[in-house]
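In the text below, chain A, chain B and the rest are named by the order of the sequence lines, each starting its count at 1.
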Amino acid sequence: MGGVRAPDPLLPITGRNGSVRRGKNGARHMKIASFNINGIKARGPALVRWLESAQPDLAVLQEIKSTDDTFPRALIEDLGYNLETHGQKGFNGVAIVSKLPLEDVTRGLPGDDSDPQARWIEATVSTEQGALRVVGLYLPNGNPVELEGDGTPVAGGKYAYKLAWMARMEARLRELLALEMPLAVMGDYNIIPQTEDAARPDAWRDDALFRLPSRKAYRRILNLGFTEAFRARTQGGGHYSFWDYQAGAFERNDGIRIDHILLNAYAADLLQDCRIDSDVRAGEKPSDHVPIWAELAL
DNA sequence: ATGGTTGGCATCCAA
């Protein structure tokens, strides 16, 4: 009898106010989200539909596949959102949309000035209750995996680029963590963290999204002190954020969970909820990804 | 084992 029982680390956490929602008890919460839209030119209607129904206060977008000057800004701004883009022609490209002003915007992942790929954007938003630094990222896919005979990635190959990019990411995150303020790092990580994050893990075993070196690099980043918001709220398998367009993958729920929201300790203390909007995939002309969102007491 | 789908841009590459 008696003795102190350690809390079960797998129990979903609840906010300090229990399960307070937006607007209740005078608490103002911020809804932040990430959505790989797979091309703004093709996704305008679906993106607008989701922004209008989900009403995120801030969302990071990936694969806008557009330059900054060809992005259809009015789509976003007409809904009352501010917009900052970091685009390139044809591929990649990230953006932040926000109802609050976006301050101290930076573009590009530091660490390699010769890297032309647009995959990283940062901004700060402030409420009466405090400020939040936000990173929007599109982590390299890394396929095909090309290895030397000894198993090291072929220099100049896509897999080597992925691992080098993650090392640069880790270095930048160390700098951001030193700011000692709430930080949310979210986007398309192109990483399947665990076996339960794929419907058919065996099919991904040697893929750049799941092979051990990729997951180790992701663990290294998590172990800097981040909380993975979705896993802090929901355990078990069957929750995915991406389904291939081919072979009816969505209908069979043959998906993977690769879009993530990582929170530093200051932000994790504010976490109220985190969900994946899988219904979005059932809409007209959907992206192959769906949005993930978190609610913060901020 | 193969082909299956989508987006952007150019007649193929990335996913």
Kindly say if A/Lys65 contacts the phosphate of B/dA15, meaning a side-chain N or O under 4.0 Å from OP1 or OP2. no

Euclidean distance for C1', B/dC9 against B/dA15 (whole angstrom): 15 Å

Start at the 5' end of DNA chain B and walk down; is the nucleotide closest to A/Gln246 or to A/Asn92 reached first? A/Gln246

Of all the nucleotides listed (B/dA14, B/dC9, B/dG7), which has the minimum atom distance to the side chain of A/Lys158? B/dA14

Within this structure, what is the CD-to-P distance between A/Gln62 and B/dT6, rounded to whole angstrom? 21 Å

Counting side-chain heavy atoms from C-beta on, which of B/dA15, B/dC9, B/dT5 comes nearest to A/Tyr138? B/dA15

Pairwise P distance for B/dG7 and B/dG3, with rounding to whole Å: 22 Å

Rounded to whole Å, how long is the line connecting atom CZ of A/Phe91 with atom C1' of B/dG8? 7 Å

Should the ring pair A/Phe250 and A/Trp243 be called parallel, tilted or perpendicular, given that the plane angle runs from 0 to 90° and is split at 30 and 60? perpendicular

Report which part of the nucleic acid A/Phe242 touches: base, sugar-phosphate, or nothing (heavy-atom distance under 4.0 Å, all strands). nothing

Could you tell me whether A/Glu146 and A/Lys158 have a side-chain N and a carboxylate O separated by less than 4.0 Å? no

Would you verify whether the NZ or CZ of A/Arg43 falls within 45 degrees of the ring axis of A/Phe35 while also being under 6.0 Å from that six-membered ring's centre? no

Hey, does the Lys NZ or Arg CZ of A/Arg205 hover above the aromatic six-ring of A/Phe210, less than 6.0 Å from the centre and inside 45° of the axis? no

Same-atom distance (C1') from B/dA14 to B/dA1, integer angstrom: 23 Å

A/Gln88 CD to B/dA14 P, straight-line distance once rounded to whole Å: 12 Å

Counting just side-chain N and O atoms, does A/Lys285 come under 4.0 Å of either OP1 or OP2 of B/dT6? no

A/Asp244 CG to B/dA14 P, straight-line distance once rounded to whole Å: 17 Å

Between B/dT6 (P) and A/Phe250 (CZ): distance, integer Å: 14 Å

Taken to the nearest whole Å, CG/A/Asn38 to P/B/dT5 is 16 Å

The answer to which of A/Ala247 and A/Gly142 contacts DNA chain B further toward the 5' end, by nearest nucleotide, is A/Ala247

With a 4.0 Å cut-off on heavy atoms, is A/Ile40 in touch with a base, just the backbone sugar-phosphate, or nothing at all? sugar-phosphate

What is the separation between atom CG on A/Asp288 and atom C1' on B/dA14, rounded to the nearest whole Å? 11 Å

Measure from CD1 on A/Ile37 to P on B/dA15 and round the result to the nearest Å. 16 Å

Run the salt-bridge test on A/Glu284 and A/Arg49 with the 4.0 Å N-O cut-off and return the result as yes or no. no

